[in-house]
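As the structure is a prediction and not an experimental result, all values here were calculated from the model. Here is the naming used below: chain letters follow the sequence lines, and residue numbers restart at 1 for every chain.
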Amino acid sequence: MMRFMSWTAFLLGSLIFILPLLGMTEFSLSMRRGVYSLDAYMSVLSDPVFRATFSYSVMMALFTIVFGVLLVVPTAYWVRLKMPELRPVIEFITLLPLVIPAIVIVFGYIRLYNTSSWLPLTGSTMGTNILLMFGYSALALPYMYRAVDTGLRTIDIATLTEAAQSMGAGWVQIFARVILPNVLVAVLSGAFLTFAVVIGEFTMAALLNRPAFGPYLQLVGANKAYEPAALAVIAFAITWACMGLIQLVTRLSKHTRAQR
Amino acid sequence: MAFLKIAHLEKSFGTTRVVKDFDLEIERGEFVSLLGPSGCGKTTVLRMVAGFETPSSGAIIVDGKDIVGLRPNQRNIGMVFQAYALFPNLTVAENVAFGLKIKGTPAEQRDARVKEMLAMIGLPDLGGRYPFQLSGGQQQRVALARALAVQPQVLLLDEPLSALDAKIRVSLRTQIRDIQRELGITTIFVTHDQEEALSISDRIVVMNGGVAEQVGAPFEIYNRPATRFVAQFVGTLNLIEADVTLPETGTVRIGTTEISLGRPLKPGRVTLACRPEAVSLGLADGRPLVLHAEIGEVHFLGAVIRVQARAGRTTLSLDTFNRPDTPPPAAGDKVQVSISPADLLVLEA
Ligand SMILES: Nc1ncnc2c1ncn2[C@@H]1O[C@H](COP(=O)(O)OP(=O)(O)OP(=O)(O)O)[C@@H](O)[C@H]1O
Ligand SMILES: [Mg+2]
């Protein structure tokens, strides 16, 4: 009986998730009347604006990831090692982007860094890109911090740090040779989540007026019929590919394979 | 001058003084154990030597240089931890090579050294394994090799064996001692296991409440404990209450027997102590202190038989050697036990 109930629940859930996806995929394939075709995908992929915005967002995602890793890993490490009593505070701070809407953050940015402010970042393309990257980093912070902190929990960082110190390693060496390699899987899952967040982000890019993938999605969605469905399927595939990659790295990392 | 000299070392956490006026001199190549109950400050002393804790005051001098101001990575002091602390992402060989890499040792020399170290710990073929593929004992040997690869001036071990099971603990402690002798490395070994400390140390520091109660060779610590704490912490001890009848000659009355200890005592009551192996079943020459007792529990330990005997209000533990032709006494037997005055320790209150 229990079994039957759980299967029912599972099937119902699957229907709610999968049916719209199937419908959307089906729709994206029916641009040509009467037969299934990849025309919508062709149309999307051959659009130069698609390519430009997509590669812009990929670049932004990469920079965001690098910045996020350099910011979060040392911070999480240091807090765990030297200021464990501050962990709840840091955790709360990293959660703030989830409760503060992106639009609030971006208006704050624009107010603070406009052309007549003390740091006129919005005055140049480069500056705006940097600002956008900071924004993305803030949005991805909860995911990145959580992933890294979980990764740090699985190793005894205090003792490993001391072991490395007793063999002559300084802080940079400890970070690069001991801490980072041991949380690499966690960092990578944080990175893929960041990637997924950045690729789909709309508000910040739109308000800062940068040619990112999110605003492009919106534009196409407003003006065309089949292409948005194809784009949505593509975006969905990217997200799932990221998830798959997280699984893959976890699986493939040699030294963690047999643990637990 | 001693190779490693710790002078007036103090450490407080907040208002609690955890290590108090700790002094210790260790010769080059010596193996010294810190022995004491949980929380007595052993680890804290060790961590101050390693540089992980800053002393509140005092000096730590290695080879003539005060190292208190140096960071841990500048001290060249090796450390082995209870939890092994191998780098999980590196293979055994890479773990051992870690310190050499940091030092910038050329690859060829490094590989040769790693090989040498792995041979030394008896794991020449496991260089390619990851730590999780090793047993606890193997991991701890790798940790030892890793600490020794960079040729530290001093080796510190903090309860390196307490996570292992009994059999491996015994064989590994012998191996650690052999390697230590071979390399002639000055070593401090922390343990709360007195048998471990007694069996492998050149000297033992018995600690209690942040203070070094006694420093001496195992034989000395066991047979001539300086304080009541040392006497009771190291080994098993029988306590016998006695009345001093003649303080000048040290004559005491135990039950109905009077014997002279041959050294002056304070008048009043004293507590005498003796080891189980100093108490004999039956009478013997030179053992004038005789007590009538009834056998209680008998523990057959193999070579040694430990017998509990009740004499009046005191219960005595006594050890006899197993003899194939003589069965051990049985519970309830009425026996006489005898003790030599020379084996009686007088415990200061
Ligand atoms: N970082 C710290 N902050 C506050 N108190 C501490 C700290 N480290 C140790 N102590 C206290 O100092 C005392 C000595 O601790 P230490 O770890 O040196 O004991 P130990 O002899 O190694 O004991 P064990 O055999 O249990 O390892 C303990 O009472 C402990 O609670
Ligand atoms: Mg300890």
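Distance check, rounded to the nearest 0.5 Å: CZ of B:F87 to CZ of A:R177 gives 10.5 Å. Residue B:L90 holds its CG atom at 7.5 Å from CG of A:N182, rounded to the nearest 0.5 Å.
Taking all atoms of both residues into account, the shortest heavy-atom contact from A:G168 to B:I102 is O-CG2, 3.4 Å. Annotation for A:A163 and B:A85: closest pair CB-O, 4.1 Å, computed over non-hydrogen atoms. Nearest heavy atom pair, residue A:Q165 against residue B:F52, reads OE1-CE2, 3.4 Å.
B:N73 places a side-chain N or O within 3.5 Å of a backbone atom of A:A169 that can act as its donor or acceptor partner.
Using a 4.5 Å cut-off between heavy atoms, A:L160 touches chain B through backbone and side chain atoms alike. Heavy-atom distances place no part of B:L100 under 4.5 Å from chain A, backbone and side chain included. For chain A, no part of B:R71 is nearby; none of its heavy atoms comes within less than 4.5 Å. Looking at A:Q173, the atoms closer than 4.5 Å to chain B (heavy atoms on both sides) all sit in the side chain, from C-beta outward.
Counted within 6.0 Å of OH on A:Y143, heavy atoms from surrounding residues, nucleotides or ligands total 12 or fewer; the atom is thus considered open. The number of heavy atoms from other shown groups lying within 6.0 Å of CZ (A:F202) is above 12. Under a cut-off of 6.0 angstrom, the local environment of CD in A:E85 is crowded, with over 12 non-hydrogen atoms contributed by other residues, nucleotides or ligands.
Between A:T159 and B:Y84, every side-chain heavy-atom pair lies at or beyond the 4.5 Å cut-off. The closest side-chain heavy-atom distance from A:S166 to B:I77 is not below 4.5 Å. Taking the side chain as every heavy atom from C-beta outward, B:K103 and A:M167 never approach each other to under 4.5 Å.
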